[in-house]
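Keep in mind that this is a model prediction, so the values were computed, not measured. Both counts, for ligands and for their atoms, begin at 1 and track the order of listing.
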Amino acid sequence: MAFYSRVSGSVGMITLQNPPVNALSAAVRQGIVDAMHRALSEPEVKSVVICGQNGKFCGGADIGEFGAKMTGPPLVPMVHLIEAASKPVVAAIEGIALGGGLELALSCHYRIAHSKARLGFPEVALGLLPGAGGTQRLPRLIGVPASLDLITTGRQVTAAEARQLGIVDEVTDLNAVDAAVKFAQSVADKSLDARRISTYPCPRPPDLDTIFERAMQQVRRSARGAIAPGTCVQAVHAAVTLPYAKGMERERELFSVLFNSGQARALQYYFFAQRAVSRWSTASGARWDTSKPRPVHKAAVIGLGTMGRGITVSLAQAGFSVVAVETQEKQLSEAKQAVSGMLERGAKRRGVPLAHDKIKYSCSVQAVADVDLVIEAVFEDMALKKTIFQQLSAICKPGALLCTNTSGLDIDELASQTQSPELVVGMHFFAPAHVMQLLEVVYGPRSSPEAVATAMQMGKKMGKVSVAVGNCRGFVGNRMLKLYLEQAFFLLEEGATPEQVDQVLEEFGFPMGVFKVSDLSGLDIGWKVRKADGLVSPAFTGTSARIRGGSRYSPLGDLLCEQGRFGQKTGKGWYQYDKPGGRVAKPDPWLFGFLEDYRAQHGLVARRIDHQEVLERCLYPLINEGFQILQDGIAAGPEDIDVIYVLGYGWPRHRGGPMFYASQVGLDKVVERLEHYQQIHPDVPGLQPCRLLRKLAAISNPAIHKWREVIQKPRSQL
Ligand code: 3H9
């Protein structure tokens, strides 16, 4: 918890001990309070240093304790005790000072940071605000604009920037704890009158109202319905307009509103979910802690279209040597230019080291003979991919991992083309691959645990969050998406417009509605897949036009493609754009006429569809498919699905992910609404609640972290 010692005779040292990040658990807070009392009572002690064990000052309040009943001394009185101390207290900041950790440091009279330390208030990402005086002390120390920036965005700063802003007093490249001890000795006799931040007046810039108005506009634009950023602005406003004690009261009130909100619960669930997915397991029992990854130094990418280019950039930026293969000379030279541009922009915008020299380009697949891992990223064409896997199997050195970036094709079918099917896995990146954080690592029935572990680790090294999923059509993300898209089309048939459906989804928190996203990605992509699946044919006419395999089907997307409306790239899709490649979606009167004709042709009568129906019809079948995926053992737990949806599909983080959202709506309610819609649309199998969903709903909505206990029972008993 917090260990007290004496150094150099006169310095009391309080060391936070709570691995891995020295979070301020009840025991740590108790330890700090006890140690402070002791340091203040020992006459030999003239000053105090607070530091953290293992090179980390403090990662903030213990998030794991938020769901439980509060025990131990609260943080606010603890930081007041430190600030009010009659002996100088110096924070020795190594590694991190985040959230409550930074608030602890701000309550100290001096702050010495190691040059590699990072400081910040990430509370906003947990649906909270800095609630132990952070919103009141920071503006007093560094002013309002800089505080608004740090508190509303959660941006972490380096020690150098913290020094520049005035958050820390000194930065050292040497041992920060030793430096703090020396510093503490040097200030032992100094007056503390000017060192207690709570006593500082808060700077009041003349254009205060404009600053706050702009901050509010900014957070409204970017928050997409999240309430914490705007509440952070209100708390900082209190620092400027109220005396410190009253400002603290306001901070407490606002913190309490956030703390008790569903959004904070969702964001904290998501925080742990994103970390839980690294502890992967497969349906056949392979696990993260018993599977060793293979070393990978050199990788190859086959196919340098949009995805291949992004993957190449991502690999090179992560420090891997890359062989980038594109068999057509012209495409190779275009790709080379594009990749160079992406690397340069990455270096300029994000400070990523330029990595041109990591990449060797080639027109020949033979160039991959000595690599440790290949990622195939050619078109979604099974025949083409099969040929490539046969070639790779013959060319690559023994033990090389063969990966495919397919977004939904059968991994097992590709593995069966090779001599070592156990070395084949899917690495499904999301576009743009050098930016998007998600990687679905897809294991087939024959993929070895070692191959899965290697792909998972590669993803991590590339800065991605890797989620292990089983092999099935569309894997997790695209399999669920199919149901969402299908319902969106059905809603148009029944009377909705693309604008109406998109507005509901955007109000829910998606950055873009389903139709805008389709226009952005290109309508022709899904069309090609449907054609390959035999779903598009002139033979489907009359009553059969809206039925495939006995179930309801909407050909609306196919009909738009037949008109050459592929979305943004052609300037027309579900919306119209000012030119091909245009980005601003405008409602298209042509489409309204087209929908009217279509309904008339198929005897459909348009009806008024309300907001709630749009939301439920789009989201609940997607969620139901998520339960089916859990039932089938394709995802190991709800966290895997939620991370995939938040990072890959724009699901609003403050709603936790589809499975968490379902748990908040109530599984019985989701079942009831699905059954309601299924009665009306008996020809839509996706509306039939799956067994696992029914089973969980029947055992009175267990908390989401208990679902695994039910899922892990033998699946035949579900
Ligand atoms: C707060 O302070 C509120 C106050 O203002 C007011 C209160 C009144 N608590 O990310 P990693 C765990 S709110 C509990 O993989 P990294 C994490 O779950 C808090 N656990 O490592 C993981 O566990 P596991 C404000 C925490 O090196 C392990 O540590 N603070 C906490 O990539 C390693 O984490 C934050 O929001 C915590 N505070 O990154 C900081 N932090 O191994 C949140 C971490 O079992 N934390 N864990 O999966 C982070 O941003 C990153 O974890 C950090 C380390 C940068 C610290």
Side-chain angles (χ1 to χ4, degrees), residues 1 16 18-29 32 52-68 70-80 93-107 116-138 147 150-158 228 231-232 235-236 248-249 251-260 263-265 267-280 288-289 437 456 460-461 463-466 637 639 643 653 705:
M1 312 310 90
L16 276 51
N18 185 14
V21 301
N22 296 322
L24 294 163
S25 63
V28 172
R29 298 194 306 273
I32 294 173
Q53 195 188 33
N54 294 334
K56 284 182 185 141
F57 181 69
C58 178
D62 189 335
I63 306 164
E65 281 187 355
F66 283 169
M70 163 95 183
T71 56
L75 262 181
V76 171
M78 184 194 92
V79 295
H80 282 147
I93 301 172
E94 296 178 297
I96 44 169
L98 298 176
L102 182 53
E103 290 173 307
L104 168 65
L106 292 180
S107 73
K116 296 236 163 80
R118 285 174 300 135
L119 299 87
F121 280 129
E123 283 88 340
V124 68
L126 297 169
L128 299 174
L129 53 77
T135 65
Q136 303 304 298
R137 283 198 177 83
L138 195 66
S147 300
L150 294 195
I151 294 173
T152 61
T153 63
R155 184 170 78 81
Q156 294 176 18
V157 295
T158 59
T231 314
C232 287
V236 174
M248 284 300 288
E249 272 173 33
E251 182 190 88
R252 195 180 63 229
E253 279 164 24
L254 293 169
F255 182 83
S256 160
V257 170
L258 292 179
F259 190 80
N260 294 311
Q263 293 198 359
R265 268 194 299 280
L267 286 159
Q268 287 154 30
Y269 158 81
Y270 183 78
F271 174 84
F272 288 115
Q274 191 167 312
R275 281 147 184 92
V277 297
S278 62
R279 294 186 282 274
W280 57 271
W288 65 283
D289 50 353
Q437 248 194 310
M456 291 292 287
K460 189 165 186 205
K461 288 190 175 162
K464 311 284 178 208
V465 177
S466 315
E639 298 85 356
V643 169
R653 196 175 292 226
H705 63 272

Quick check: closest heavy atoms across [X] and [Y], and the distance to 0.1 Å?
{"X": "F66", "Y": "A61", "answer": "CZ-CB, 3.8 Å"}
{"X": "V28", "Y": "M1", "answer": "CG2-O, 3.6 Å"}
{"X": "G120", "Y": "P122", "answer": "O-CD, 3.4 Å"}
{"X": "A228", "Y": "L258", "answer": "CA-CD2, 3.8 Å"}
{"X": "V124", "Y": "L267", "answer": "O-CD1, 4.4 Å"}
{"X": "G134", "Y": "E103", "answer": "N-OE2, 2.8 Å"}

Protein contact to [atom] [nearest heavy atom, distance to 0.1 Å]:
{"atom": "atom 14 (C) of ligand 1", "value": "D62 OD1, 3.3 Å"}
{"atom": "atom 9 (N) of ligand 1", "value": "I63 N, 3.0 Å"}
{"atom": "atom 17 (C) of ligand 1", "value": "R275 CD, 3.7 Å"}
{"atom": "atom 50 (O) of ligand 1", "value": "L98 CD1, 4.2 Å"}
{"atom": "atom 12 (C) of ligand 1", "value": "P20 CG, 4.3 Å"}
{"atom": "atom 6 (C) of ligand 1", "value": "G131 N, 3.5 Å"}
{"atom": "atom 5 (O) of ligand 1", "value": "E123 OE2, 2.5 Å"}

Worksheet item: Quick check: does L75 get an N/O under 3.5 Å from an N/O on ligand 1?
Response: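 Between L75 and ligand 1, no N or O pair is found under 3.5 Å apart.
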
Discussion item. Using a 3.5 Å cut-off on N or O atoms only, is G59 in polar contact with ligand 1?
Written reply: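 Among all N and O atoms of G59, at least one is under 3.5 Å from an N or O of ligand 1.
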
Can you find a pair of side-chain heavy atoms, one from [X] and one from [Y], that are under 4.5 Å apart?
{"X": "N22", "Y": "Q53", "answer": "yes"}
{"X": "L119", "Y": "F57", "answer": "no"}
{"X": "F121", "Y": "L102", "answer": "yes"}
{"X": "L24", "Y": "L16", "answer": "yes"}
{"X": "M456", "Y": "W288", "answer": "no"}

[atom]: protein heavy atom closer than 4.0 Å?
{"atom": "atom 45 (O) of ligand 1", "value": "yes"}
{"atom": "atom 21 (O) of ligand 1", "value": "no"}
{"atom": "atom 32 (O) of ligand 1", "value": "no"}
{"atom": "atom 27 (O) of ligand 1", "value": "no"}

Region of [X] that comes within reach of ligand 1 [heavy atoms, distance under 4.0 Å]:
{"X": "I96", "value": "side chain"}
{"X": "R279", "value": "side chain"}
{"X": "V21", "value": "side chain"}
{"X": "V76", "value": "neither"}
{"X": "A61", "value": "both"}

Is there a donor-acceptor contact under 3.5 Å from the side chain of [X] to the main chain of [Y]?
{"X": "E639", "Y": "V277", "value": "no"}
{"X": "N54", "Y": "K56", "value": "no"}
{"X": "R29", "Y": "T71", "value": "yes"}

With atoms numbered from 1 as shown, which atoms in ligand 1 lie under 4.0 angstrom from a non-hydrogen atom of [X]?
{"X": "L126", "value": "13 (S), 19 (C), 36 (O)"}
{"X": "G60", "value": "2 (O)"}
{"X": "F272", "value": "18 (O)"}
{"X": "F271", "value": "18 (O), 41 (N), 43 (C), 44 (C), 46 (N)"}
{"X": "E103", "value": "4 (C), 5 (O), 6 (C)"}
{"X": "G99", "value": "2 (O), 25 (C)"}

Worksheet item: Is the cationic atom of R275 (NZ for Lys, CZ for Arg) positioned less than 6.0 Å from the six-membered ring centroid of F271 and within 45 degrees of its normal?
Response: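 The answer is yes, since R275 meets both limits relative to F271.
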
Fill in: contact_flag F255 ligand 1 heavy-atom lt 4.0 Å
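Judged by the 4.0 Å heavy-atom criterion, F255 does count as contacting ligand 1.
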
Worksheet item: Going by heavy atoms, is P130 under 4.0 Å from ligand 1?
Response: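 Contact present.
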
